[in-house]
Amino acid sequence: MATFNEVAEHYFEKLDIFTLAITRAHGKNHPEAFEVRSLFNTMKEKTTEAGTTGKPHLEEEFVKLRKITSNYTIPGDVCGTYAGVYNTLSETDHAYHA
């Protein structure tokens, strides 16, 4: 299993683009997409501040993400990008807590 820093390095650039995309495509029907975007931005900033050697403190963000996404449950009326965001965030959460 990849470490959190490896997962962050591999996925955060895509998540940055995709979390913005889902707010535009689904924000009207899924206002939680804006919260997901905001939490991701906080996680990205904390990860950057921690650098490549430190592990950022993201427990609060992951707790909030699990709550607002119902443990990363993909809504039935969303696109593949939305599903990909939830799947990637779930994988990131698992890597962080491994």
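Please read all numbers here as calculations on a predicted model, not as lab measurements. Starting from 1, each residue takes its place in the sequence as its number.
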Original post:
Atom CD in Glu45, atom CZ in Phe40: separation rounded to 0.5 Å?
Top reply: 10.0 Å
Original post:
Measuring from His30:NE2 to Thr69:OG1, what's the distance to the nearest 0.5 Å?
Top reply: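 Taking NE2 in His30 and OG1 in Thr69, the distance rounds to 12.5 Å.
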For [X], all residues meeting side chain to side chain donor-acceptor pair (under 3.5 Å), sequence neighbours excluded:
X     : value
Lys14 : none
Asn71 : none
Glu59 : Tyr96
Asp16 : Arg37, Lys44

Original post:
Is there a side-chain contact (heavy atoms from CB on, under 4.5 Å) between Asn87 and Ile74 once you walk through the steps?
Top reply: CA-CA 8 Å; Asn87 289 332; Ile74 299 162; 3.6 Å; yes
**OP:** Compare all side-chain heavy atoms of Lys55 with those of Thr3 and state whether any distance is below 4.5 angstrom.
**Re:** no
Original post:
Members other than Val63 in its cluster, when Ile, Leu, Val, Met, Phe, Trp, Tyr link by side-chain heavy atoms under 4.5 Å?
Top reply: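 For Val63, no cluster forms, as it stays isolated from other hydrophobic side chains.
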**OP:** Give the other cluster members for Phe34, using side-chain heavy-atom distances under 4.5 Å between Ile, Leu, Val, Met, Phe, Trp and Tyr residues; answer none if it is isolated.
**Re:** none
Original post:
Can you name the one residue among Leu89, Asp93, Thr92, Leu58 that meets side chain to side chain contact (heavy atoms under 4.5 Å, CB included) with Leu65?
Top reply: Leu89
Subject >> Contacts of His97 that satisfy ring pair (Phe, Tyr, Trp, His ring centres under 6.0 Å) - sequence neighbours left out >> reply: Phe62
Original post:
Mind checking what makes ring pair (Phe, Tyr, Trp, His ring centres under 6.0 Å) contact with Phe18, not counting sequence neighbours?
Top reply: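 Counting only residues at least two positions away or on another chain, Phe18 forms no ring pair (Phe, Tyr, Trp, His ring centres under 6.0 Å).
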Original post:
Once the angle between the rings of Tyr86 and Tyr82 is folded into 0 to 90°, is it parallel (under 30°), tilted (30 to 60°) or perpendicular (over 60°)?
Top reply: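 The arrangement is tilted - the two ring planes meet at 30° to 60°.
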**OP:** Would you name the heavy atoms of Pro56 and Ala50 that are closest together and state the gap between them?
**Re:** N-CB, 3.8 Å
Original post:
Where do His26 and Val78 come nearest, in terms of heavy atoms and distance?
Top reply: CE1-CA, 3.5 Å
Original post:
Does one hydrophobic cluster hold both Ile17 and Leu15, with members joined at side-chain heavy-atom distances below 4.5 Å?
Top reply: yes
Subject >> Hydrophobic cluster membership, Leu20 vs Tyr11, 4.5 Å side-chain cutoff >> reply: no
Residue list, salt bridge (Lys or Arg N to Asp or Glu O under 4.0 Å) with [X], at least two apart or on another chain:
X     : answer
Glu60 : Lys64
Lys67 : none
Glu32 : none

Original post:
What residues, two or more places apart in sequence or in another chain, satisfy side-chain contact (heavy atoms from CB on, under 4.5 Å) together with Thr42?
Top reply: Lys46, Glu61
